[in-house]
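What follows is a short report on a single structure.
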Amino acid sequence: MLERILRLTTAYPGRVLAVLGIVCVFGGFIGSPVKGLLNADNDSFHDLGSESTRAIEAIQRSSGVLSGPELLVVVDRDRPLALDTVASTLCSDPDVARVVGGSGRDRNDVCRRGSPARAADPQPFVSRDGSKVYFSAVYRASAVANATTRRLLAGLAGIPGVRPGGVGPVYAAVNDQVAHDLTTAELLAFPLLFIAALVTFRSVISAFLPLLVGGFTIVISMMILRVVNAQMAISVFALNLVTGLGLGLAIDYSLFLVSRFREELDRAGEVAEAVRNTVQTAGRTVAYSAVTVAGSGLALLVFPLRFLYSMGVGVIITALVAAIGALVMLPALFAVLGPQVNALGLERWRQAMRAEARAEKSGFWYRLSQFVMRHHALVAVTAVAIVLVLGIPFLRIRFTGIDVSVLPDDAPARIATMELRDDFAAADVNPIMVEVSHPAAGPSGEDSSMTDYTNRLRHLPHVKWVTEARYLGADTWQIGVIADAPALADHTYQLVRDVRALKAPGGSLVGGTTANQIDQLSALRRNLPASLAILAMLVLVALFLMTGSVVLPLKAIVMNLLTISATLGILVFIFQDGRFENLLDYHGQGALESAQITFLFVVAFGLATDYAVFLLMRIKEARDHGAGERESVALGLQRTGRIVTAAAVLFAIAMGAFATSRIEFLKELGLGIALSVLIDATIIRALLVPSLMALMGKWNWWAPDRLRRLHARFGVAAH
């Protein structure tokens, strides 16, 4: 495959670049509307087969409406015009099935329509001090919740004394903030990346090439994401991944190809030969790297959460597109540019480049590796100790989900939702939904056993309010339980467990935000072993085919886990413990968001393997050409140390830009991935790898005879 790419790009570079340009324009046209097409509803973090999901589906199937209110609107009571306008706006929307609320019992059923079987019992819709009321809107089951919420918010915008809150506005605000922060991150990252690439390559042309491949990767990945979304619902959060990871991987791959081409050009002096050697060496490494990173995306597909499997699809698409862009676009550009790849750089920069290329046995990384290998035991123990100390906080990690607390303190949806929770006796901001399968006793829908069950629910600890049991038809009842604590508080988690343990007259299912989070954590624990097995098998197979060793892949797995534990330890120390809140501009939830941390674990594992591939391929290349055990390590580190470090810094900029987000879980993700690549490129690759290679010597390359024969047939041959 690489040989075909090589022949095509060197024989017809102009045509290849023209086709890529056309594809990029077409991809931009097709992919640009993708944001509005991806799933933006609040079920991206739900286990789609869990009890909580089945509870909501049963209620919706029987009633024809969503299980709970998506939109709650607080209105100042001294504004009668606002009260009438809110009621009219909510009732006139065709996707709103039912509106309750207002100034008293006479307005409880505002629209006088769509009440399934019987109206809900009166609730205190008036605030404790009597100055405010709220309306509650329940959508039809056929409605697209996010689109309906946005339409209603637009209709309510600008009305004095009106403050929309609840689940729908909170998730709409989260999506809007994420989209805004994504644009901010891009605007911040691109100039910083160009400056960092310029410092790395010391040439304007060379610094521009990685950004060119990065732009191509983002555009084409979004186009493919739109095509995939037509077949399966993809979460809108996948766009963040495509931008950050696509840019980071494209830069990584470009760095290795550009630096290798410059090295080969300096050595061979002939453009065609330099391009050929680059593709056959660094190109092969990039291909392996892309397969390992894309393979880590498979480890996300096992989770039954739309967010995680969407991220898995995004990782696979982005890694492969980044590799294709680098392997097709860059060789063609090399063939066209030739020595001009080093153009637009200061003369002293060019002299520094030539000196660095020729200082293979006297450069900084060569000297560092020699020092590390002379003191291998001390360095190995010190490096492991540092990583373990950084990872200690990981032992007390706590998990949470996404609710109103992830929004900035000044977000209107957060202010209104907190107002509902604090100022009203029973505002159903995040009710626990109980579905009971039990036939009605008579035509009135009354049932003494259900009344008794409802009373027993009221006596559970930490219950603030319980609605009367409402018969929906088809032997289905619905009860709402409102906790006296936030949805993701420990007391509310325990309340859901108590409700599930309480015997109902018939079979019961419990749903709602809190139940969703409990079921999500259960799904993550249940599927994590399969995900880890995929990751481990990926590393074992990929690195064995590269190196012919069974020891190096096992070491890579251990070192990847050390990197991730240190990263998660730092995140716990910062975000869970609430440190640097002013500096990082966040308000801690006292825990880490569970789905994001799972994604971070898998992606960080894949990226750590990515850097292992780059380093081990150069070590193996030197060893296959006759270098000794320690000499091959020193040469491999000298040839990759600066580039791996630069790649890590650039990747950290690309993903770390998300740490500027005002959404806490996006900060966790951006800072976490940035930390993981920096820890891996410094402590692990620069210190621990060479020290352990020296410690184990020739045993690094050990494999049973049968596997040696297998590698001889299917493994990577030396070039």
Side-chain angles (χ1 to χ4, degrees), residues 40-42 60 63-173 175-176 404 411-421 423-429 431 467 470 480:
D41 286 344
N42 58 15
Q60 292 177 181
S63 65
V65 302
L66 298 185
S67 59
E70 288 283 317
L71 177 63
L72 306 175
V73 186
V74 181
V75 186
D76 292 336
R77 206 173 182 184
D78 60 356
R79 295 181 181 271
L81 181 60
L83 289 167
D84 291 337
T85 303
V86 170
S88 173
T89 300
L90 298 179
C91 292
S92 63
D93 192 288
D95 284 331
V96 175
R98 188 162 165 270
V99 180
V100 295
S103 303
R105 288 176 179 268
D106 60 320
R107 296 181 66 94
N108 277 350
D109 195 358
V110 176
C111 301
R112 308 291 183 189
R113 70 174 189 189
S115 302
R118 62 186 281 212
D121 293 328
Q123 295 185 26
F125 294 101
V126 182
S127 63
R128 291 185 178 90
D129 63 4
S131 66
K132 295 170 283 193
V133 299
Y134 81 90
F135 293 85
S136 173
V138 179
Y139 302 164
R140 300 187 187 280
S142 58
V144 179
N146 183 63
T148 303
T149 296
R150 291 186 180 278
R151 188 167 61 245
L152 291 172
L153 290 176
L156 298 172
I159 303 175
V162 174
R163 297 172 295 282
V167 175
V170 165
Y171 273 86
N175 288 333
D176 289 344
V404 66
R414 174 169 182 158
I415 293 171
T417 303
M418 298 300 289
E419 187 178 5
L420 284 158
R421 195 176 72 188
D423 296 348
F424 292 84
D428 43 355
V429 176
T467 67
R470 184 156 58 97

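Numbers for residues simply follow the sequence, beginning at 1.
- Residues meeting the side-chain hydrogen bond (donor to acceptor under 3.5 Å, both in side chains) test with Asp78, sequence neighbours left out: none.
- Every residue two or more places apart in sequence or in another chain that forms a side-chain hydrogen bond (donor to acceptor under 3.5 Å, both in side chains) with Thr149 is listed here: Tyr139.
- Atom CG of residue Leu83 and atom CD1 of residue Ile159 lie 10.5 Å apart, to the nearest 0.5 angstrom.
- Using a 4.5 Å cut-off on side-chain heavy atoms (C-beta onward), Thr417 and Pro169 make no contact.
- For Ser131, the side-chain contact (heavy atoms from CB on, under 4.5 Å) test picks out Ser127, Asp129, with sequence neighbours left out.
- To the nearest 0.5 angstrom, Thr85 atom OG1 is 10.5 Å from Leu90 atom CG.
- Interatomic distance, Arg140 CZ to Asp93 CG, rounded to the nearest 0.5 Å: 9.5 Å.
- For Arg163, the side-chain hydrogen bond (donor to acceptor under 3.5 Å, both in side chains) partners two or more places apart in sequence, or in a different chain, are Asp76, Glu419.
- A donor-acceptor pair under 3.5 Å is absent between the side-chain atoms of Ser88 and the main chain of Asp84, judged by distance alone.
- Taking the side chain as every heavy atom from C-beta outward, Asn146 and Asn175 approach each other to under 4.5 Å.
- Listed by chain and number, the residues in a side-chain contact (heavy atoms from CB on, under 4.5 Å) with Gln60 are Ile56, Leu66, Ala141 (sequence neighbours excluded).
- The two residues Leu420 and Gly166 make their nearest non-hydrogen contact at CD1-N, 4.4 Å.
- Residue Ala416 comes nearest to Val74 through the heavy atom pair O-CG2, 4.2 Å, listed as atom of the first residue, atom of the second, then distance.
- The side-chain contact (heavy atoms from CB on, under 4.5 Å) search around Ser136 returns Pro69, Leu72, Val100, Tyr134, Asp428, not counting sequence neighbours.
- In this structure, the side chains of Leu71 and Val96 stay at 4.5 Å or more apart for every pair of heavy atoms.
- Within the 4.5 Å cutoff, the side chain of Lys132 has heavy atoms near those of the Asp423 side chain.
- Side-chain atoms of Leu152 and Glu70, non-hydrogen and from C-beta on, never get closer than 4.5 Å to each other.
- Remark: Arg128 pairs with no residue by the salt bridge (charged side-chain N to carboxylate O under 4.0 Å, His left out) rule, at least two apart or across chains.
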